[in-house]
Amino acid sequence: MSSIELTQIRKSYANGPEVLHGVDLSIAAGEFVVIVGPSGCGKSTLLRLIAGLESASSGDIMIGGTRANDLAPQDRDIAMIFQNYALYPHMTVEQNIAFGLELRRVPKRERLARAREVAEMLQLTPYLDRKPGALSGGQRQRVAMGRAMARNSSTFLMDEPLSNLDNALRVAMRTEIKELHRQLGATIVFVTHDQTEALSLADRIAVMKDGHLQQFDTPGAIYDRPANRFVAGFLGAPTMNFVPAEALEGWTGPREVELGLRPEALRLHRARPQAPAIEARLALTEMTGSEFVLHCESPLGRLTAVAPRAEGLPSPGEAIWLEYDAGAAHLFDRDSGARA
Amino acid sequence: MKPDLTSSRGMWVMNALVLAAGLMFLSPVLYSIWMSFQTADAYYAGHLDFTLSNYELAVAEYNFARYLLNSLIVSGVVTLAGIAVATMAAYAFARYRFPGGNLAFAAVVATLMIPSHITLIPNYLTLAKAGLLDSYAGLILPAISSGFAAFFLRQYIRGIPRALDEAAYMDGANAFQVLWRVIVPISKPAIFSMGLHLFISEWNNYIWPLVAIGKEDLYTLQVGLARLYRINPGEDVIDWPLVMAASTITILPVLLGFVLVERHLVRGITMGAVK
């Protein structure tokens, strides 16, 4: 297990703009950290800097207490799983898994035993003699994990490893990765743009936007106390509703702010309730399984709410009232977007 | 209306056309092989005969066994060394950014536009100064760097996802191991194609061995073959069956080589045609 300490990391490419603007991140040994953000926010670049596949323009990368800026990838004791798995197509599953050990001159018998042990853990034993081209997406993903696990690295980097899988497999693999972390106790840095993955996997989440770290905290803290409007809007599905405070009927708090109301903080009424509420018209509904997502048109803009399936829903076009939970409202500065 | 090639009549027509085309290409080769087993007298008299004497004569009297060995050594070394140089150059051009890299690659591509005869005299003078004329090195060195092979392999390597290199680095490989353990095995179809191309080019090379070699012991097959035409300058009649026997000795190793790498070669030629 190794800790990772990033201090004032900047990265710019030749003749290009700066893509990371002084990122500080302190990852404890054995921690599962998810870096999340929209495409182009610099999350994969940050991961590649930790891996040593790219070099930082400035700043310090400390791995296990040692400055790693000038260390080659092979000297950092890090295993990485790539988005497209990057399996060696000319090698069998067994050779793919054992390749890292072979390069480290581990005796053949030992490395093959280790490859089989890892394959057993990942239920890949029947496929040891197959080449990657003859495997399904989920099997390839597991081989990529096996290749990383075989070396007993102290740190794992995962670059959107589940993004090429179908939904059912993604959910299953998410559980496997979580279980793997529990078993190995290794430090894991996992990059994704999928907020569900981030919330379900992470000990702590680093939210990034435009090369800046927006917030670094536990999933619960990020969900309950987002540092700014971007974080609030990025994490949580359906996304948070934003309304100007002064336009909200019955609002008694500060008025020069923007209010963030999660969909679950809005309660559907067919008639005007006693409590403060927003008058709206139901535009359309989406069933997600256990509940309905309601898309509503209101004078404050489009609002999203959720309602349990059991509840009798009005028809699209009907007038409704959305009672809001003032205590669950998040306040953001109108100009900077920071939490007020 | 389009012809239906899947019907049995369509298939027959297609097969007949393919057979006719194949025979058209093969007929000179088959004719020369047939002629190589004739005696000169029978051939000129228009009789049929069968003899191995032309082969015995070519090998025993005209030193073709030696020429064959020379051609094998020169073409073999040029192929292996040429592929090694071209693969390393291609890998560097495909994967590394370095000052002057684009200019260097443009220079490599530019060599494809220069006819080989233009470089004949500079190469001759260079090797003469180095004292390498009349040696295997004199035959081999100028042919090792193939701009075409470097260009071709570079394009192929660029098509290999860079993530494979990166995965190998993360697994603990150095740059040479990435090349040798990952890039080269994946590039096998392209490397075999280029290897065969280099081998055939060098095997068929006539001008440079003619210019660079004076010693008869270092003649390659092509030079030796041309020599058969002027064995008896006083005589008007050329011993065609003997020439054809020598020609057969010349083409046989190439055909054998093709059979050995054909599987890889066809994949190499069709690569890029489909994703």
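Just so we're on the same page: letters track the sequence lines, and every chain starts at 1.
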With a 3.5 Å distance limit and no angle check, can you tell me whether A/H181 reaches the backbone of A/A186 through a side-chain donor-acceptor pair?
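Here the side-chain-to-backbone pair exists.
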Indicate yes or no for a side-chain donor-acceptor contact from B/W208 to the backbone of B/G138 under 3.5 Å, with no hydrogens or angles considered.
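The answer is yes, because a donor-acceptor pair under 3.5 Å joins these two groups.
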Most chain B-contacting option - heavy-atom pairs closer than 4.5 Å, from A/A14, A/A72, A/A79, A/P89
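Looking at each option in turn, the highest pair count goes to A/P89.
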Is B/K188 positioned over the aromatic face of B/F192, cation under 6.0 angstrom from the ring centre and no more than 45 degrees off axis?
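No - B/K188 does not lie over the ring of B/F192 by the 6.0 Å and 45° rule.
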Side chain, backbone, both or neither of B/Q177 within contact of chain A (heavy atoms, under 4.5 Å):
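Side chain only.
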Atom group of B/R181 that falls short of 4.5 Å from chain A, counting heavy atoms
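Both backbone and side chain.
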Any residue of [range] which, by heavy atoms, sits under 4.5 Å from chain B:
range: residues 93-116 of chain A; answer: A/F99, A/G100, A/E102, A/L103, A/R104
range: residues 25-63 of chain A; answer: A/R48, A/A51, A/L53
range: residues 128-153 of chain A; answer: A/R147, A/R151

Count the heavy atoms belonging to other residues, nucleotides or ligands that lie under 6.0 Å from [atom1] of [X], then report whether that count exceeds 12.
X: A/E18; atom1: CD; answer: yes
X: B/N174; atom1: CG; answer: yes
X: B/F98; atom1: CZ; answer: yes

Least distance between heavy atoms, B/T119 atom then B/S116 atom:
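Distance-wise, the nearest heavy atoms are OG1-O, 2.7 Å.
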Between A/S2 and A/T187, which heavy-atom pair has the shortest distance, and what is it?
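What the structure gives for the nearest pair is O-OG1, 2.6 Å.
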Decide yes or no for [X] and [Y]: does some side-chain heavy atom of the first lie under 4.5 Å from some side-chain heavy atom of the second?
X: B/V77; Y: B/Y136; result: no
X: B/V254; Y: B/F258; result: no
X: B/Y91; Y: B/V178; result: yes
X: B/W203; Y: B/L72; result: yes

Please list all pairs passing the salt bridge (charged side-chain N to carboxylate O under 4.0 Å, His left out) test where one or both residues lie in residues 87-102 of chain B, with sequence neighbours left out.
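Listed once each, the pairs are B/R95-B/D165.
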For the aromatic rings, using the six-membered ring if either is Trp, is the centroid distance between B/F148 and B/H197 under 6.0 Å?
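Judged by ring-centre distance (under 6.0 Å), B/F148 and B/H197 do meet the cut-off.
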